[in-house]
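Residues take their numbers from the sequence shown, with the count starting at 1. FYI, side chains are in, hydrogens and waters are out, and symmetry mates aren't considered; it's all heavy atoms of this structure. One-based numbering, in listed order, for ligands and for the atoms of each.
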Amino acid sequence: MNILLATEKPFAREAVEGIRSIIGEGLVEGTLSDITPQTQGLIVRSDKVTREIVEKATNLKIVVRAGAGYDNVDLAACTQRGIVVMNTPGQNSNAVAELALGMMIFMARNGFTPGTGTELKGKTLGIHAYGNVGRLVAALGRGFGMRVVAYDPFVDNSDGSVEWVGSVEELYSVSNYLSLHIPATAETRGSIGYDLLMSMPKGATLINTARKEVVDEQGLVRAFGERDDLKYATDVAPDTDLSQFGKRFFATAKKMGAETAEANVNAGLAAARQIVGFFETGEIKFKVN
Ligand code: 3PG
């Protein structure tokens, strides 16, 4: 096997060691520009796997995105070349969920600067998309004494594990904190904007540990201009300069949701095992194309 572990967005050292122990001799650590016609498999975080890269690797059979969102991989280019693309769902979710709660506290306590803050207890936490991360955020929110409500058109809530609302509009209208967990797709890009923000309760906070593309930033600027009580914390720095909103806005310097040793180990080792399973037995359980 000739497997490239792309490390522009690096994996924790212990994750690399674990990946090497699963893949063995054939593991090459490098950047995406090190891809060659000999490369058969690729493990990557959120670095962009473009058509150009895919076309350079004429023997590439599989790309595993060590993480959940695979919007960084040119799926069409891979599919056209018969390359299997997989993700590792759930493996880094806990790290992202913990950050979402951390951001809520940070915003509730004035960005950890002096002044009177508020508590999460008793507030309503809306979960927009009830997948792996959303479920964990719900559990953590309950631990803080929050009322948790959720909406996800693609999930069956028949297990009744959370209070369900009937629409996106209803979700935003009742949420003091709204935690975003939708992927960036053609349907979701720019879907969170002026109307939904304006419908939120007084003092509401939007928490984005998903993707910047899902927020309509111009709509957000307009809503924030009209309502000085709204807040936005994001782990995915926006394209628009929002510094005019002072402490009502916070962005991490670099996306850090999955930036824990545990998440790197979980996702990296899962990716390595999926590659070995693919080459040894044709296993394609987590194929996304
Ligand atoms: C994901 O989609 O898994 C998260 O956004 C984490 O991405 P990262 O590996 O680039 O940190």
- Item | Aromatic centroids of Phe245 and Tyr232 separated by under 6.0 Å |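 No, the ring of Tyr232 stays outside the 6.0 Å limit from the ring of Phe245, centre to centre.
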- Tyr70 six-ring face occupied by Arg65 cation (under 6.0 Å, within 45°): no
- Shell of residues surrounding ligand 1, defined by a 4.0 angstrom heavy-atom cut-off that is strict: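 Lining ligand 1 at under 4.0 Å, by heavy atoms, one finds Lys9, Arg45, Ser46, Arg65, Gly67, Ala68, Gly69, Asn92, Arg211, Lys255, Ala258.
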- Query: Ile275 and Ile3: which non-hydrogen atoms are nearest, and at how many Å?
  - Reply: CG2-CD1, 3.7 Å
- Task: Write down the atom of Ala95, the atom of Thr260, and the distance for their closest heavy-atom approach.
- Result: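 Distance-wise, the nearest heavy atoms are CB-OG1, 3.6 Å.
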- Query: Any Lys/Arg nitrogen of Glu163 or Arg142 sitting under 4.0 Å from an Asp/Glu carboxylate oxygen of the other?
  - Reply: no
- Task: May I ask you to decide whether Arg273 forms a salt bridge with Glu283, counting only side-chain N to carboxylate O separations under 4.0 Å?
- Result: no
